[in-house]
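A short worksheet on the structure shown next.
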There are 2 protein chains.
Amino acid sequence: MPPAVLTREEVVARVMAVVRQRGYDGASLSELSKATGLGKSSLYHHFPDGKDDMVGAVIGHLEASLETAVFAPLRSAGQPAARLQAMTATLDGFYYGGREACVLAILGIGDASRRFHPRVKKLFRAWIDAIASALRDAGLSKPLAQARAEDAIVRIEGALVLARSLGEPAIFGRTLKALPDDLLRR
Amino acid sequence: MPPAVLTREEVVARVMAVVRQRGYDGASLSELSKATGLGKSSLYHHFPDGKDDMVGAVIGHLEASLETAVFAPLRSAGQPAARLQAMTATLDGFYYGGREACVLAILGIGDASRRFHPRVKKLFRAWIDAIASALRDAGLSKPLAQARAEDAIVRIEGALVLARSLGEPAIFGRTLKALPDDLLRR
DNA sequence: GTCTATACGTGGATAGAC
DNA sequence: GTCTATCCACGTATAGAC
């Protein structure tokens, strides 16, 4: 094994990939070690509190990358419809066209949920607020924008669950495609 | 501990409750033992292949109870709108008003997904078909009924994820309430 | 059918050399 | 910063008495 040229970012990305596929409890240190190319001790060097720290870093990464890649564009100055389409395009990439699960949803299960609930909740709230902001700019009332924004997340998360359960990623794509118009319709 | 007056049904129900809250990997034998009031050895007496067997029994229970409580009514002879409302009422109970996760979604994560994917997929398909049957009876075209039925599951599963992630069960209730009209609109 | 006791692997975590 | 070696707890699973 080469002397680990991975940046912290890359290590965190690989930890996220494992957690995404195996769940928090299913993500063992051995597997995380294999996935990152770092021995267990090295992992503890970078993440003194173990798995908790690693997943904390994953959430931190999500907080940052969602903010810049999803939330900020949703709040920007362009056409609301275009902003929503930008979001769906980005999400299609994030979730590999519906083939990968949502880390936030995964972290709502079992032990992880108690540990990370506050941050997960905050992230979902920020996401909802960002979508609602685009909808308000399109002329929707505040309560309607809020409700539709929540519905957007509902459909995104649900589409991921169903697409993966059926082994039909296309369901996610269809859902994303319909989303902007459905949200903006009056 | 009394000589276990629990029926197999009750044992399976308690296993399901644990899996629902902790996930497949998080559901340890010790916890299952505590929850059922049966020692580990007793569990192996009833379920020789261990956790796999137990979760298999949980899925069997779901196959049966969803068929009688959800699918069959959806295919029955009443008004389509009434059949859909019956479904949402039943689901509200199944999921404790949005406070409990969906076992099928839980089983799509990690190890469990490989093991149980075929049965989970079949169950989702049967559910979609049953909803589509009600929508066809309401006059929708076959492809539209199919797409809307998939969207129904998308929203149900997504609402469960979001309601639990935000700690706002009401999101699930709102989603259920809007569902019949949304599905039937043309 | 249920229990106690136990075997054996793996999980998370640490010590200490390099 | 990374490794090897090791620790202990807990996980799954089994044996065998009652």
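The sequence lines fix the lettering, A, B, ..., with proteins before strands; numbering per chain opens at 1.
- As a whole-Å value, the separation of Arg8(B) CZ from dT2(C) C1' is 16 Å.
- In terms of polar N and O atoms assigned as donor or acceptor, the side chain of Ser41(A) never comes within less than 3.5 Å of the base of dA13(C) in a complementary pairing.
- Look at NZ on Lys40(B): it is 13 Å from C1' on dC8(C), rounded to the nearest Å.
- A straight line from NZ of Lys34(A) to C1' of dG12(C) spans 16 Å, rounded to a whole angstrom.
- Residue Lys51(A) is in sugar-phosphate contact alone, with no base atom involved, counting any heavy-atom pair closer than 4.0 Å across all strands shown.
- With respect to Arg164(A) and Glu157(B), no salt bridge is recorded, no charged nitrogen being found less than 4.0 Å from a carboxylate O.
- Summarising the local packing, CD of Gln79(B) is surrounded by 12 or fewer heavy atoms from other residues, nucleotides or ligands at distances under 6.0 Å.
- In this structure, Ser28(B) reaches the sugar-phosphate backbone alone: every heavy-atom distance under 4.0 Å involves primed, P, OP1 or OP2 atoms, never a base.
- No salt bridge links Asp25(B) with Arg22(A); every basic N to acidic carboxylate O contact stays at or beyond 4.0 Å.
- Nucleotides of DNA chain C nearest to Asp25(A) and His45(B) differ in position, and the one nearer the 5' end is that of His45(B).
- Between Tyr24(A) and His46(B), it is His46(B) whose nearest contact on DNA chain C lies nearer the 5' terminus.
- Distances were taken from every side-chain heavy atom of Ser42(A) (C-beta onward) to each of dC3(D), dT14(D), dG1(C); the shortest belongs to dC3(D).
- Note: CG (Leu29(B)) to P (dC8(C)) measures 18 Å, nearest angstrom.
- Between Glu67(A) and Arg75(A) there is a salt bridge, with a side-chain nitrogen of the basic residue lying less than 4.0 Å from a carboxylate oxygen of the acidic one.
- What separates CG of Leu32(B) from C1' of dC10(D) is a distance of 14 Å, to the nearest Å.
- Side-chain atoms of Tyr44(B) lie closest to dT14(D) of the nucleotides dT2(C), dT14(D), dG12(C).
- Going from atom CG of Asp49(B) over to atom C1' of dT12(D) covers 12 Å, rounded to whole Å.
- If you take CZ of Arg22(A) and C1' of dT10(C), they are 13 Å apart, rounded to a whole angstrom.
- Here the side chains of Ile153(B) and Ile131(B) are in contact, with some heavy-atom distance below 4.5 Å.
- Between Asp111(B) atom CG and dG11(C) atom P the separation is 11 Å, expressed in whole Å.
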